[in-house]
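Take a look at the structure below.
Only heavy atoms go into these numbers, but all of them, side chains included; no hydrogens, no water, no symmetry mates. As the structure is a prediction and not an experimental result, all values here were calculated from the model. Every chain is numbered from 1, with letters handed out A, B, ... down the list of sequences.
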Amino acid sequence: MYTSEISLAPPYSFERLLRRLETHPDPQLLVDVQEGTLRRVFRVGSRPILVSLQFQGSMEEPVIRLRAESTLSETEQQLLEKTVRHMFSADLDLAPIYDHMRGQQPLVILTERFRGLRPFLDSDLFQCMVKTIIGQQINLVFAASLTERLLELAGDTLQDEEGRVFMAFPTEEAVARLEPDDLRPLQFSQRKAEYIIDYARAIVNGTVDLDRVWQMEDEEIISYLTSLRGIGRWTVECLMMFGMGRPDLLPAADIGLRNGIHMVYGLAEKPDEKEIRRIGEDWAPWRSVCSLYIWEAVGAVRRKEVWE
DNA sequence: GCCCAGGATATCG
DNA sequence: CGATATCATGGG
């Protein structure tokens, strides 16, 4: 066993993260609201390890207590800690973003209501891309259930000491070995099955090198990855936002974002993509967190949190 | 039955 | 070039 404490930049609202997870289910996460704990499997190197992350401290002094159910080498400890810090946007400074948002009337209430909410990122780019492709055009609940079925089909299974079952996200190789006919019974569309498998094969055979994108500008990444069939601009924007934690993305084609801006800005009609990009210009260079908060306004309504 | 969900593509005119 | 049909499924 290995434990450590990870300090995050304040403010961090664990409560807001938990609320968000209600409407954005992640089949890899076992959430225990009572304990304030998230449990899931991480691949450290290639080894799947069960980890529990417990929220401690407070909004202004946030700490996560990490507990791995295996002994870890020093390298593995550092790798795991780095991944967790990445997932929780541990080093993101929200203060200048809130200052910027407070300059725009419709966003003020969001900074108050969702104070301390940070991007909750995927642990790696491969699974972020697969989950984003799965999420194209369908609702979040259906997307989560497709992802869960993919985990059951091709992921590795672990059990904790209480006998609870955890599934690790399938490796690139495991997805690359699938055929569309394996995914069709899981209710993937034929095309979506092809997109995901083709993508995994491109990673495995080296046609695409995800490690390279960290050195690229946003627009470079978009042109690099949209060359793959089934991966459009929206998908890469989501990858940069939820996989890489890039600060200035606006997935303007997103239906949820359109609905959210419609609501938050009190517009007469639903804005189109061009209108979204126009409104979003005022959010630069922090369009990612602004988008997240707009989405969260939609989530709050869906969860029947008070809204006016 | 119809429309919408955190889209992308093929195929029109 | 822009507009349109197609894809799968579940919920309202």
- Note on the structure: From the candidates C:dA8, B:dG7, B:dG6, the one with an atom nearest any side-chain atom of A:Q136 is B:dG7
- Item | Listed nucleotide nearest any side-chain atom of A:Q187, set C:dG10, B:dG6, B:dG7 |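 The answer is C:dG10.
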Could you give the [atom1]-to-[atom2] distance, from [X] to [N], as a whole number of Å?
| X | N | atom1 | atom2 | value |
| --- | --- | --- | --- | --- |
| A:I196 | C:dA8 | CD1 | C1' | 13 Å |
| A:E296 | B:dG6 | CD | C1' | 12 Å |
| A:R258 | B:dG6 | CZ | C1' | 12 Å |
| A:I222 | B:dA8 | CD1 | P | 11 Å |
| A:L140 | C:dG11 | CG | P | 14 Å |
| A:M129 | B:dG7 | CE | P | 15 Å |
| A:I138 | B:dG7 | CD1 | P | 9 Å |
| A:L146 | B:dG7 | CG | C1' | 14 Å |

With a non-hydrogen cut-off below 4.0 angstrom, is [X] in contact with a base, only sugar-phosphate, or nothing?
| X | value |
| --- | --- |
| A:R229 | sugar-phosphate |
| A:R20 | base |
| A:I231 | sugar-phosphate |
| A:Q137 | base |
| A:L228 | sugar-phosphate |
| A:L257 | nothing |
| A:K131 | nothing |
| A:T132 | nothing |

- Item | Spacing of A:Q28 atom CD and A:L38 atom CG [to the nearest 0.5 Å] | 12.0 Å
- CD (A:E74) and CD (A:E76) are apart, to the nearest 0.5 Å, by 11.0 Å
State whether [X] places a side-chain N or O below 4.0 Å from either non-bridging phosphate oxygen (OP1 or OP2) of [N].
| X | N | answer |
| --- | --- | --- |
| A:K274 | C:dG2 | no |
| A:S145 | C:dG10 | no |
| A:R302 | C:dG12 | no |
| A:N259 | B:dA5 | yes |
| A:R184 | C:dA8 | yes |
| A:Q190 | C:dC7 | no |

- Nearest-nucleotide comparison on DNA chain B, the residue closer to the 5′ end among A:G230 and A:C238: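 Mapping each residue to its closest nucleotide by heavy atoms, the 5'-most match is A:C238.
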- Query: Thinking salt bridges, do A:R19 and A:E22 make one under a 4.0 Å N-O criterion?
  - Reply: yes
Taking the same atom, [atom1], in [N] and in [M], what whole-Å distance lies between them?
| N | M | atom1 | result |
| --- | --- | --- | --- |
| B:dT11 | C:dA8 | P | 16 Å |
| C:dG11 | B:dA8 | P | 25 Å |
| C:dG2 | B:dG6 | C1' | 24 Å |

- Is there a donor N/O on one and an acceptor N/O on the other, under 3.5 Å, for the side chain of A:R191 and the base of B:dT9?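 For A:R191, whose side chain was compared with the base of B:dT9, there is no donor-acceptor pair (under 3.5 Å).
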- Return the stacking result for B:dG6 and A:W234: yes when the ring centres lie under 5.5 Å apart and the planes under 30°, no otherwise.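 Ring-base stacking flag not set for A:W234 and B:dG6.
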- Item | Worked verdict on A:Q136 versus A:T132 for side-chain hydrogen bond (donor to acceptor under 3.5 Å, both in side chains) | CA-CA 6 Å; A:Q136 290 169 355; A:T132 306; over 6 Å; no
- Is it true that A:Y199 and A:F126 have ring centroids separated by less than 6.0 Å? yes
- Task: Can you label the angle between the A:F88 ring and the A:Y12 ring as parallel, tilted or perpendicular, going by 30° and 60°?
- Result: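 Tilted: the ring planes of A:F88 and A:Y12 meet at 30° to 60°.
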- Message: Within the structure provided, determine whether A:L92 and A:I97 are in side-chain contact (heavy-atom separation under 4.5 Å).
- Response: yes
